[in-house]
2 protein chains.
Amino acid sequence: MSTIAEVAKRAGASTGTVSNVIRGTVRVSPALRARVESAIRDLDFHPNEIARSLKVNQTYMLGMVLPDVTNPFFPLIMRGAEDRALERGFLLVTANTDEQIERERRIVSALRSRRVDGILLTHTGGKDVDHIRRTIESGIPIVCLDRAPVGMKIDAVMLDNVRGAQDCVRHLIRSGYLTIAIITGPLQLGVARERLRGYEEGLREAGIEVCKDLILEGDFRENSGYRLAKDLLLQFARPSAILVSNGVMTLGVLQAFEELGVRCPEDVALATFDDLAGDRAFHPRLTAVSQPGYEIGARGATLLMDRIEGKVTKKPSVVRVAPTLIVRDSTRAQLSPERTPLIRNSDSYQKKALPSS
Amino acid sequence: MSTIAEVAKRAGASTGTVSNVIRGTVRVSPALRARVESAIRDLDFHPNEIARSLKVNQTYMLGMVLPDVTNPFFPLIMRGAEDRALERGFLLVTANTDEQIERERRIVSALRSRRVDGILLTHTGGKDVDHIRRTIESGIPIVCLDRAPVGMKIDAVMLDNVRGAQDCVRHLIRSGYLTIAIITGPLQLGVARERLRGYEEGLREAGIEVCKDLILEGDFRENSGYRLAKDLLLQFARPSAILVSNGVMTLGVLQAFEELGVRCPEDVALATFDDLAGDRAFHPRLTAVSQPGYEIGARGATLLMDRIEGKVTKKPSVVRVAPTLIVRDSTRAQLSPERTPLIRNSDSYQKKALPSS
DNA sequence: TATTTTTATGTCAACGATTGCAGAAGTAGC
DNA sequence: GCTACTTCTGCAATCGTTGACATAAAAATA
C-alpha cells in the first residue's frame, strides 16, 4: 500500500503538494498536477483515510444501529440513509441490536471508539438511555429513527403514528366494522403507545367506547401476533376487525387465521401497520398503514449530516412523516353497517362475552 | 473527547501503562489497574481506534458490498456476517451497488481508502474485475458471496446452484409436470448460468429434450418476471410448470398470474429460487429452492477473518453450500402423469406452438 | 533594474495511540 | 549488602496525512 511520500517521490514533488492535488483546496500548476495524478494512477494509490481522519478529526462514517435488518422495514431505512450518505461522501457502519439494550450499548460504544461522525439510531426501548446522552455530550450527534427514547430532547424522524392508527380506525368504522381489536407493540415503546392512542381516539371520535378486552399487547414479533390472534379469535365474541401494530406480527396473525379457518375479510377484517409485501402476493391483499421507510432514512441522514457539518444548530426536534393508508381487500367485506356482526360465531370457548359497544 | 494522556494523568500513571491496561497484553498490578479503570470510567474515555488503526495498521472493519439490501435475500447474509464479525471484534461497513459496476468500483475504492481489513463482496456481473484483482493485490482480501466473478481464482461462498435447479426439476417431473419453462437471471452472471445448467441437466436425465422457447432470460428484477411470465402465459402452448430463478422475479410472475387469471398450481405450477416469505402469506404457498443466506454470510465472514488473521493461507477456493428444496402447494396439482396437459388452453394469441416434448 | 506583490511549492510539527528501551524503585533471597 | 526480579515511568519513534508557515520563483509595478 503506497503512501503520499512515495507518490511525491515518483512525481518529483513534495508530500504537501500531493496532498493539495488530492484535496483540490490549494491550486497547483497544471504540469505538476498532471505528474502527480499520473503517479497516483501508476501506483494505484489510495490515500489513507485513517491517517486523514486522525489529523482532521473527522471520519466520514455514520453509524447505523437497527434492531434487525431482517425485518423488511429496516432495509428501506438503510437505503434511504445510505443514498444520502454516499452523495455526501459518507459511508455507513451498520449493526443490529436484536432489541437487546445491552447489545445496543456495546455497539454504540464501539462506534464511539471508531469515531464515527454521527449515529442513526433506532433505539431499543427501555429507560436506560445514559449511553445515548453521553455519546451526544461527547460530541457525536445522534438522530433517532422510527423510535425515540422517551423523555429526552433528541433529534428524531418518526412516523405520525397517532394519525396512522386514527386514519385506519376511521376507515374501518366507515366500512362498517364497529368492534375493532388492536394488537399493539410493547407498550414501553413510544411508537406502540402512540399507535394505541390513535386507535383510541379513532374510536372515541365515532362515539365508540374503548374496551380493554380488545386491546392486546404484543412485542412486535411474529409469534406474538400468532398467539394473540388465536386468543382473540377463540373468544366467545369475535371482533369484526383487527388492527395490527406492525407488519411482522401480521404474518403471525395470518397464520392464525389460516389455522383456525377464519376467512378474511368475510369473518374478520384485518388492517396492519407496515406494507411489507406491497400490492402483491399476500392473500387477501392487506389494507395497510404504509410507512415511508426510505424517506425516514433519507431525512434522518440528511439531518444528521447537517448537524455534523454545523449547518443545523437549532435545538433537537422531532420530524414527523405522514403515513399513507392503503385500502385493499382485507377490509372490504360486502357488509352493510346494519349487518355488521357484533357478536357472531358463538363458538363456545373460553373468555366472557364482550360488553356491547 | 479525552485521550490516553488525560486518563494517565488522572490515574497517576503513564500513558504506556494505560495502554497496557486497555490492551491487557502486559500485566499491571491490581492496584494500578483499578485506578486506571476508574479514571477511564470517570472520563467516559473511549480509546481512539482511529489512532490505534493507524499505528497497528488494522482497522477491525469489514466491507460488505451488496446489490441491494432491499432484496430480502441479502439481509440474511448480512446478519450471518455481522454476527460472526461482532464476535471477533469486527464491525461491518455496508454499501449497496444497485447492480451497477461503476458504483461497485467506487465503493470498493472508498473501502480501500478506509483501509478495511477485508471485503465481503456480492459482485455485480460483467468481466470488469480489475478493481477486485487490484484490491487483493494491495493486501485486502476479498471473499465473494453468492456470486463470483468468472474466470478468476478467488475465495467464494456460493450456493450449489446446479444442484438446486436440478433437484427442483426432478421434483417437477416426478409430480407429472413435463413441459417446464425457466425464467433465468441475466446470463452474464455465473449463478444464472448455473441454475440454467441444472435445469437442463434435470430435463436431460429424464430424457426430455431442452426446448429453447421455454428458456426466457430475465434480469433478476421483479419487472422482468412479470413481463416474461406474461409472454409465456399468452403463448399458444403454455408450459405446465415454471421455474423462476430468483424470488424477486417470482413476485412479478405472481402478479402476471393474477392479472391473467391463471390459477396456480391448477393451470400452471410454479417453483422458485429463494424462499422469501417462508411458509406463510403467499397464496399459493410456493415450492422453493431455499438458500441458506445466513450460513453463506456467516461462513464468508469466518473465512475472510481467518484470512485476515493469517489462519488460512491456502489458495483461494469456492465453498458450495447446499440448497434445500421445500415442496409446497404451488407444485401440487392433483394431476396424474397421464393427464399432464402438454398443450392446453389454445387461447389464440401470438407465437407458434411448441414442438411436442 | 530594483522592488514589491503574487503564486507555487517545500518543510515540518502535529493528530492519538503503540511499542521498545533505559532506568528508577521496590521486594525478596542469599 | 549484593544480586535478581518485578513493576512502573518517561521518553522517543512511528503510523500517513494535513495545513500553517517559510521560501523560492515568477509576475507586476515603479
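Note: hydrogens, waters and symmetry copies are ignored here, and every other heavy atom, side chains too, is used. Note that the structure is predicted; figures quoted are calculated from it, not measured. Letters go in sequence order (proteins before strands), and every chain restarts at 1.
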Testing the basics here: between [X] and [Y], what is the closest heavy-atom pair and its distance to 0.1 Å?
X: A:Pro186; Y: A:Ala192; answer: O-CB, 3.2 Å
X: A:Arg320; Y: A:Leu159; answer: NH1-O, 2.8 Å
X: A:Met1; Y: B:Ser138; answer: CE-OG, 3.5 Å
X: B:Pro47; Y: A:Ser113; answer: O-OG, 3.3 Å

- Query: Hey, does the side chain of A:Arg52 come within less than 4.0 Å of D:dG16's phosphate (OP1/OP2), counting only N and O?
  - Reply: no
- Query: Within the pair B:Arg27 and D:dT6, is there a side-chain N or O less than 4.0 Å away from OP1 or OP2?
  - Reply: no
- Item | Candidate pair B:Ile119 and B:Ile140, rule side chain to side chain contact (heavy atoms under 4.5 Å, CB included), full reasoning | CA-CA 7 Å; B:Ile119 298 178; B:Ile140 298 181; 4.2 Å; yes
In whole angstroms, how far is the [atom2] atom of [N] from the [atom1] atom of [X]?
X: A:Leu54; N: D:dC15; atom1: CG; atom2: P; value: 14 Å
X: B:Ile4; N: D:dC11; atom1: CD1; atom2: C1'; value: 15 Å
X: B:Asn57; N: D:dT17; atom1: CG; atom2: P; value: 11 Å
X: B:Arg115; N: D:dC15; atom1: CZ; atom2: P; value: 14 Å
X: A:Glu6; N: D:dC15; atom1: CD; atom2: P; value: 11 Å

Which part of the nucleic acid does [X] contact within heavy-atom distance under 4.0 Å: base, sugar-phosphate only, or nothing?
X: B:Val28; result: sugar-phosphate
X: B:Asn48; result: sugar-phosphate
X: A:Ile50; result: nothing

- Message: By nearest heavy atom, map B:Arg35 and A:Val56 onto DNA chain D; which one lands nearer the 5' end?
- Response: B:Arg35
- Item | Any donor-acceptor N/O pair under 3.5 Å between D:dT18 base and A:Lys55 side chain | yes
- Using a strict 4.0 Å threshold on nitrogen-to-oxygen distance, state whether A:Asp42 and A:Arg35 make a salt bridge. no
- With a 4.0 Å cut-off, would you call A:Arg105 and A:Asp130 a salt bridge? no
- Which is it for B:Thr122 and B:Asp146 under the side chain to side chain donor-acceptor pair (under 3.5 Å) test, yes or no, and what are the steps along the way? CA-CA 6 Å; B:Thr122 298; B:Asp146 185 50; 5.5 Å; no
- Message: Quick check for you: to the nearest 0.5 Å, what is the distance between A:Asn20 atom CG and A:Ser14 atom OG?
- Response: 7.5 Å
- What parts of residues 9-21 of chain B reach DNA chain D, counting only heavy atoms under 4.0 Å away? B:Gly12, B:Ala13, B:Ser14, B:Thr17
- Could you list where the contact with chain A starts and ends along DNA chain C, reading 5' to 3', using a 4.0 Å heavy-atom cut-off? C:dA8 to C:dG16
